[in-house]
Colleague: 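So that we are looking at the same thing, I have put the structure below in structure tokens.
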There are 2 protein chains.
Amino acid sequence: MNAVYGLRALMYIAAQRDQEGYVSIRKISEDLDISFHFLTKILQTLTQHHILHSQRGPAGGVALAKAPEQVTLLEMLYILEGEGYFSECFLGLPGCGEQQPCPVHDFWRHITLTMKEKFSHTTLAELSDKVRSGEVRLVSCT
Amino acid sequence: MNAVYGLRALMYIAAQRDQEGYVSIRKISEDLDISFHFLTKILQTLTQHHILHSQRGPAGGVALAKAPEQVTLLEMLYILEGEGYFSECFLGLPGCGEQQPCPVHDFWRHITLTMKEKFSHTTLAELSDKVRSGEVRLVSCT
DNA sequence: ACTTATTCAGACAATTTTGTCTTAAATTTA
DNA sequence: TAAATTTAAGACAAAATTGTCTGAATAAGT
């Protein structure tokens, strides 16, 4: 579920990109109803991968380290869920590949290639714009 | 991982559909290197959903209850992994839908619709044929 | 310097998923 | 009817995932 919380937080942060300064994790956790410490841990990995920049101390928090137009859904997913996200054998068979395919290898490969393509052409900017315009919600309850 | 083991077993069984009688679960578990009791449990759910038919006692085992041409990947997946497989919100937000979409709702909906379509047009027959022809493997090691 | 606010790091706990084992029920053969 | 073989059912255990907590480090303001 890391991706779920990480993506939501990133969209929340990116939706405020016209505001100066850092967004505190405490605030994000309250607004998105995610445990503070848990969210902190997830955002740390995004910081380590230079998607976010962080600042400790009063008025500290996190901020985007890159223009949201240049952060793709694919990139975020790879960081949050691992690079194997689109490349694992559907049947979990180790060593599955072109040489020794499993019965669904070709089938699954086509699907994942298409998905990967789509995920790599959707950016954080697009998604967060929907949040800003209010056409979309980031929290559970109405 | 239920799907992984269940699908593999189904392909294994379907690949032998010209042979008379039942395939014993013990044999499947040995050939596919899956724990016998574990596999038994998974195949039970397939039996309960009338994909397989089972027979106890000597020379008993399981056999396809339907023509493999009429068993789709979608159907198998729904039974093994639940009906929500293609319809859950990517961000896990309860209540996400057309009325109250999340930022990736439309994006994800397009992808899952395409996937669902493809999964519903691939049958157990097609997949098991690949196993029979030997162009494909069902086990881990070479 | 001291206090306060904040992220960082990692140990710890709870939950869920995955896998194993034991016993029961059914079926066949002799 | 007895013995052997096989699936059925469900309790139990192990492992992985998910989530929580405590203390440390850093920075700003007074």
Colleague: Centroid separation under 6.0 Å, is that true for the rings of F119(B) and F86(B)?
Modeller: yes
Colleague: To the side chain of S24(B), which of dC21(C), dT6(D), dC8(C) is closest?
Modeller: dT6(D)
Colleague: Relative to the 5' end of DNA chain D, which residue comes earlier, M1(A) or A59(A), by the nucleotide with the nearest heavy atom?
Modeller: M1(A)
Colleague: Quickly work out the I42(B) CD1 to dA8(D) P distance and round it to whole Å.
Modeller: 13 Å
Colleague: Classify Y22(B) by what it touches in the nucleic acid, base, sugar-phosphate, or nothing, heavy-atom distance under 4.0 Å.
Modeller: nothing
Colleague: Can you tell me if the side-chain N/O atoms of S54(B) get under 4.0 Å from OP1 or OP2 in dA8(D)?
Modeller: yes
Colleague: At less than 4.0 Å, is any side-chain N or O atom of Y5(B) found next to OP1 or OP2 of dT18(C)? Yes or no.
Modeller: no
Colleague: Taking only N and O in the side chain of Q55(B), is any of them less than 4.0 Å away from OP1 or OP2 of dT28(C)?
Modeller: yes
Colleague: When you get a sec, tell me which of dA8(D), dT7(C), dG19(C) is the closest nucleotide to the side chain of T47(B)?
Modeller: dA8(D)
Colleague: Rounded to whole Å, please give me the gap between CD1 in I25(A) and P in dA25(D).
Modeller: 19 Å
Colleague: Given dT6(C), dT22(C), dA8(D), identify the nucleotide with an atom nearest to the side chain of H37(B).
Modeller: dT22(C)
Colleague: Provide, to the nearest angstrom, the distance between the CZ atom belonging to R26(A) and the C1' atom belonging to dA5(C).
Modeller: 10 Å
Colleague: Please say yes or no: joined through hydrophobic side-chain contacts below 4.5 Å, possibly via intermediate residues, are L138(B) and L124(B) part of one cluster?
Modeller: yes
Colleague: Just by distance, with hydrogens left out, do H105(A) and E98(A) show a side-chain donor and acceptor under 3.5 Å apart?
Modeller: yes
Colleague: Whole-Å distance between dG19(D) P and I34(A) CD1?
Modeller: 10 Å
Colleague: Is a donor-acceptor pair below 3.5 Å formed from side chain K41(A) to base dT18(D), judging by atom type as modelled?
Modeller: no
Colleague: Count the heavy atoms of every other residue, nucleotide or ligand shown that sit under 6.0 Å from CD of Q99(A), and state whether that count exceeds 12.
Modeller: no
Colleague: Can you tell me which nucleotide in dC21(C), dA4(D), dA5(C) comes closest to the side chain of P58(B)?
Modeller: dA4(D)
Colleague: Grab the CZ-C1' distance between R56(A) and dA5(C) for me, whole Å please.
Modeller: 12 Å
Colleague: Counting just side-chain N and O atoms, does S35(B) come under 4.0 Å of either OP1 or OP2 of dG19(C)?
Modeller: no
Colleague: Would a line drawn from the ring center of F38(B) to the ring center of Y5(B) be shorter than 6.0 Å?
Modeller: yes
Colleague: Whole angstroms only, please: what is the CD-P distance between Q44(B) and dA26(C)?
Modeller: 14 Å
Colleague: Can you check the E81(A) CD to dT17(D) C1' distance for me, whole Å?
Modeller: 11 Å
Colleague: Starting at CG of L39(B) and ending at P of dT20(C), how long is that distance when rounded to a whole Å?
Modeller: 11 Å
Colleague: Could you say whether F38(B) or F36(A) is positioned toward the 5' end of DNA chain C, judged by the nucleotide with the nearest heavy atom to each?
Modeller: F36(A)
